[in-house]
Amino acid sequence: MGYGFGLLLSVVLAFVVLSANRTSRDDAAKPDAVMARDILFSDRLDGGIAIRDATTGQMIGEIAPGEGGFVRGALRGFTREQRLANPGNESPIRLAALEGGALILEDPVSGKWTDLRAFGATNVQSFAEILFRKGEGK
């Protein structure tokens, strides 16, 4: 019970913090992306998450059930907002490295984005691995 509660708490905390810090910002205020990747994720039957490159369809990676609480919560938070704003139309989430070292998650449709550095180096590293990972085939 302690492990499950800890996972739930980390997902809720990530969602709350991302929701509180997410703001709509003018693109002119955001530095140019050095590298960007549009990602889609889908729930697996076992409770894990499959992450795909939205452009190529290639599998980027997976999050095992009960792991990746921050990544899981952040992706769910962005996807939830997309579904509320535009029901029935799933759009990719953009993960981008910006000039100056920021790593952001962005909803390309609404323009809302979050600088992941606010959540600490470990959480930034989790997303950096997704951004820079090579595809694993379809």
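Below, all heavy atoms of this structure are taken into account, side chains as well, without hydrogens, waters or symmetry copies. This one's a predicted model, so the numbers in the text were calculated from it and none came from an experiment.
Residues forming a side-chain contact (heavy atoms from CB on, under 4.5 Å) with Asp107 (at least two apart in sequence, or on another chain): Phe78, Gln82, Val109, Ser110. Applying the salt bridge (charged side-chain N to carboxylate O under 4.0 Å, His left out) rule to Arg44 yields the partners Asp46, Glu62; only residues at least two apart in sequence or on another chain are considered. Under the salt bridge (charged side-chain N to carboxylate O under 4.0 Å, His left out) criterion, Asp53 pairs with Arg37, sequence neighbours left out.
In terms of heavy-atom proximity, Gly61 sits nearest to Arg133 at CA-NH1, 3.4 Å. Among all heavy-atom pairs drawn from Ala36 and Leu131, the shortest one is C-CD1, 4.0 Å. Across all their heavy atoms, Val71 and Ser126 have their closest contact at CG2-CB, 3.6 Å.
At a threshold of 4.5 Å between non-hydrogen side-chain atoms, the residues Phe70 and Thr122 do not count as touching. With a 4.5 Å cut-off on side-chain heavy atoms, Ile39 and Pro92 do not count as touching. Residues Glu106 and Ile93 form no side-chain contact, since every pair of their non-hydrogen atoms from C-beta on lies 4.5 Å or further apart. Leu103 is not listed as a side-chain neighbour of Phe119, based on a closest heavy-atom distance of 4.5 Å or more. Contact of the Met59 side chain with the Ile51 side chain is not registered, since no non-hydrogen atoms from C-beta on lie closer than 4.5 Å.
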Pair Leu105, Trp113 - check side-chain contact (heavy atoms from CB on, under 4.5 Å), show working. CA-CA 5 Å; Leu105 274 181; Trp113 56 280; over 6 Å; no
Go through the steps to decide whether Val34 and Leu98 satisfy the test side-chain contact (heavy atoms from CB on, under 4.5 Å), and finish with yes or no. CA-CA 5 Å; Val34 176; Leu98 305 181; 5.9 Å; no
Stepwise side-chain contact (heavy atoms from CB on, under 4.5 Å) check, Leu116 with Leu95: CA-CA 10 Å; Leu116 295 169; Leu95 179 57; 4.1 Å; yes
Go through the steps to decide whether Phe41 and Arg72 satisfy the test side-chain contact (heavy atoms from CB on, under 4.5 Å), and finish with yes or no. CA-CA 10 Å; Phe41 79 97; Arg72 184 183 299 266; over 6 Å; no
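No donor-acceptor pair under 3.5 Å is formed between the side chain of Arg94 and the backbone N or O of Asp38.
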